[in-house]
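Just so it is clear, the model here is predicted, and its values are computed rather than measured. In listed order, ligands and their atoms are each counted from 1. Keep in mind that the numbers below use all heavy atoms, side chains included, and drop hydrogens, waters and symmetry copies.
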Amino acid sequence: MITRIALGVIIAGVCLSTVRCNDSEWAYECIKGYCQKVRLTEDNRDNAVSLGACRIFCSKYASLWPKPTGRVEVKRSLLQVNYNSIDVLTHKGDSPIRSIINGAAKRFKHNIELLKPKKSTLKAGGRSLIVMLEIEDSSSVKFLYNQDESYSLNVTQTSDGRINAQIKSRNLFGGRHAMETLNQLIFYDDLRDELQMPDDVYIEDAPIYPHRGILLDTSRNYVSTDVIKQTIEGMAASKLNVFHWHITDSHSFPYVSKSMPQLSKLGAYSREKIYTPEDVAEIIEFGKERGVMILPEFDAPAHVGEGWQDTGLLACFNKKPWQSYCVEPPCGQLDPTKPGVYDALEKIYKDMVEQFDPTVFHMGGDEVNENCWKSEDNIVSWMTERNMTIDDPGFMKLWDHFQSQALDRFTKQRGHKLPIIMWTSKLTSKDYLTKYLKNDTYIIQIWTLGNDPQIKELLKNGYRTILSNYDALYFDCGFAGWVTDGNNWCSPYIGWQKVYENSPAKIAGNKYKNLMMGAEATLWTEQADDTVIDSRLWPRAAAMAERLWSEPESTWKDAEERMEIHRERLVRLNIKSDAIQPQWCQQHQGSCPLDGVLN
Ligand code: NF1
């Protein structure tokens with residue numbers, strides 16, 4: 001039996017044959033583009049629309065998150081999907097991307113499994129779904145800046161009654177995004193107890209910004225590989241593509257370096273709280289199947305401490321009072337005057353290059369404390385011997401001595417030049433920027449305020465930038481202090497709406513939009529670990545994801561009901577996302593925000 005449903009008109013009376021539909025008290029109606037819960041009566045029972053169906057036809061952009069930037073045509077016609085008959089095919093037989101496509105396909109099917117309610121077996125039957133991937137370049141799985149992540153998705157019904165989802169993309173990344181979009185179009189219809197999807201769809205889509213990331217700090221508190229993978233899972237569902245791994249800091253050294261195993265032996269919080277080469281490989285593979293690049297940061301010369309005690313390479317480690325030598329305890333910086341520093345760095349770079357095979361690398365470079373270096377007699381005499389002054393310019397020269405050699409050692413291990421990311425700092429300020437950092441090598445990650453004049457300065461000088469302005473993208477802000485009472489330094493808590501409206505294009509201005517590579521939401525983990533990371537990140541990171549994918553003209557109000565729907569998708573993936581409103585609001589869309597369309 002063909003169960004073709006048009007909105008408000010069910011062509012075959014599917015509902016009449018099922019007990020559940022007759023049992024239902026509620027259905028949904030589309031009013032001014034919002035799904036509204038309505039009472040089922042004998043009169044409207046036969047053409048009742050489920051919330052899932054309503055969201056596809058009634059909500060903006062078929063409820064997709066992030067909203068596509070190109071054409072979205074979803075015709076008002078649904079078919080039941082046979083969840084036992086879903087295949088993902090590609091014409092590329094033994095291509096290098098084969099195993100990753102298999103992984104992505106498995107995940108695609110798993111996400112459909114998750115739609116089934118726990119207490120239901122689902123009605124049997126429905127159409128086979130064939131996903132046909134046409135990926136032009138199947139030779140590489142490497143993440144590159146400015147690669148074409150676009151895709152098109154065309155869903156049709158074949159003459160023999162199957163559902164055909166044809167995906168076209170330039171590379172694996174675009175193809176994977178398309179599968180994500182397709183996943184979002186499949187839903188559970190609780191009135192008919194079946195999975196359904198629209199059978200006439202055409203979508204063209206591509207992101208605005210190439211760098212769409214989350215930073216997770218795994219040093220201040222350890223984060224298990226399971227929670228890291230969950231984070232990557234949520235990223236994939238939201239089309240985020242860079243997992244920035246702030247893997248070490250002064251607090252602990254969980255990264256097991258093959259060349260310098262003593263660092264984690266001494267510096268990990270415990271023998272368990274480490275990332276072995278196997279853990280790292282697993283996370284990288286997990287990311288590949290989800291279109292997420294793992295970007296390692298080795299932060300130096302500051303933010304170094306635990307683990308390095310026996311190397312003789314540290315300055316001011318755990319020195320007191322800590323306020324004099326760093327911004328939070330324990331203090332510690334590498335001593336740039338020690339040649340051994342560069343040999344040690346080279347070993348760590350060698351390990352990271354081997355493991356991550358990076359196409360871009362993060363060298364940190366934040367919060368260098370001049371007073372720390374000044375407090376070590378040997379550093380001051382080394383500088384004096386070389387006619388370096390003991391003041392700002394002198395210390396910047398010392399820092400340049402460090403950074404230049406670090407870069408040389410990295411490039412030597414990588415075998416060729418790579419773009420290097422560094423945090424904003426005194427070195428990236430007007431006085432030193434162009435003198436010490438070349439704009440064809442360095443990309444600057446901004447963590448200052450969104451209205452900081454330094455941002456324009458960077459762009460004016462041709463530096464590519466990544467936004468992590470702390471007034472919108474620091475997800476650790478707004479909790480209790482931990483070195484004081486009251487609230488922590490960057491309070492208040494940043495709501496998803498503020499995150500949503502933090503626009504790189506607006507901050508950069510149109511002229512420099514192209515130098516904005518994108519943004520990263522950061523979660524520094526002084527006050528977060530496995531137990532709360534999901535709720536700190538989600539759904540706020542997803543709010544940023546739409547900003548970066550679509551750079552919408554509209555405000556959060558235009559996104560509110562879809563944000564809630566996407567939050568529900570994340571929860572289905574077992575991500576313990578924060579709640580943002582009563583469930584009543586999604587059953588009465590548009591009725592909660594003040595001065596919304598329905599208010
Ligand atoms: O930047 C601050 C800061 C603080 C600014 C203004 C007032 C403050 C009062 C107390 C504590 C702080 C403070 O700790 N910090 C820096 C916190 N470190 C943030 C980052 S972002 N480190 N590296 C980055 C990249």
Side-chain angles (χ1 to χ4, degrees), residues 211 213-221 242-252 295-306 316 319-334 360-372 399 403 420-429 433 437 442-455 458 463 465-494 499 502 517-528 536-537 544:
H211 190 115
I214 287 182
L215 173 147
L216 198 57
D217 163 10
T218 60
S219 169
R220 271 58 178 272
N221 274 304
V242 178
F243 178 78
H244 174 168
W245 194 353
H246 184 86
I247 191 165
T248 64
D249 211 294
S250 63
H251 301 67
S252 77
L295 166 60
E297 172 182 357
F298 184 73
D299 196 357
H303 292 285
V304 169
E306 291 289 343
C316 75
K319 201 163 180 147
K320 311 283 172 77
W322 60 262
Q323 306 94 290
S324 302
Y325 309 102
C326 63
V327 288
E328 64 181 82
C331 298
Q333 297 187 173
L334 293 174
V360 48
F361 190 73
H362 206 302
M363 288 200 182
D366 56 322
E367 296 185 320
V368 166
N369 186 300
E370 294 177 13
N371 209 43
C372 164
W399 188 354
Q403 188 54 37
I420 301 294
I421 306 174
M422 279 183 76
W423 294 107
T424 46
S425 67
K426 193 174 279 176
L427 199 63
T428 67
S429 72
L433 176 69
L437 303 170
Y442 288 100
I443 299 171
I444 311 299
Q445 185 165 7
I446 295 156
W447 69 276
T448 56
L449 291 169
N451 64 5
D452 182 352
Q454 194 186 166
I455 299 174
L458 289 163
Y463 291 84
T465 58
I466 296 162
L467 262 191
S468 294
N469 48 315
Y470 77 76
D471 49 340
L473 295 176
Y474 267 41
F475 289 1
D476 52 318
C477 303
F479 295 87
W482 64 279
V483 294
T484 59
D485 54 10
N487 291 342
N488 64 15
W489 74 277
C490 54
S491 293
Y493 179 88
I494 300 156
V499 175
N502 189 61
M517 306 305 287
E520 286 181 7
T522 67
L523 182 52
W524 305 99
T525 55
E526 284 90 347
Q527 298 173 282
R536 292 275 203 283
L537 285 174
M544 181 192 69

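In this structure Thr448 satisfies the side chain to side chain donor-acceptor pair (under 3.5 Å) test together with Asp452, sequence neighbours excluded.
Between Cys326 and Cys316, the sulfur-to-sulfur (SG-SG) separation does not fall under 2.5 Å.
Just one of Phe475, Trp489, Trp524 meets the ring-ring contact (aromatic ring centres under 6.0 Å, His included) condition when paired with Tyr470; it is Trp489. For the pairing with Thr218, the side-chain contact (heavy atoms from CB on, under 4.5 Å) check across Ile247, Thr248, Thr525 returns one residue only, Ile247.
Among protein heavy atoms, the minimum distance from atom 24 (C) of ligand 1 is reached at Asp366 OD2, 3.2 Å. For atom 21 (S) of ligand 1, the closest non-hydrogen atom on the protein side is Tyr474 OH, 2.7 Å. In terms of protein heavy-atom proximity, atom 5 (C) of ligand 1 is closest to Trp489 CE3, 3.6 Å. Protein heavy atom at the shortest distance from atom 22 (N) of ligand 1 is Glu367 OE1, 2.9 Å.
Side-chain contact check for Asp217 versus Leu523: every heavy-atom pair is 4.5 Å or farther apart.
Residue contacts with ligand 1: Tyr470 is excluded, as none of its non-hydrogen atoms falls under 4.0 Å.
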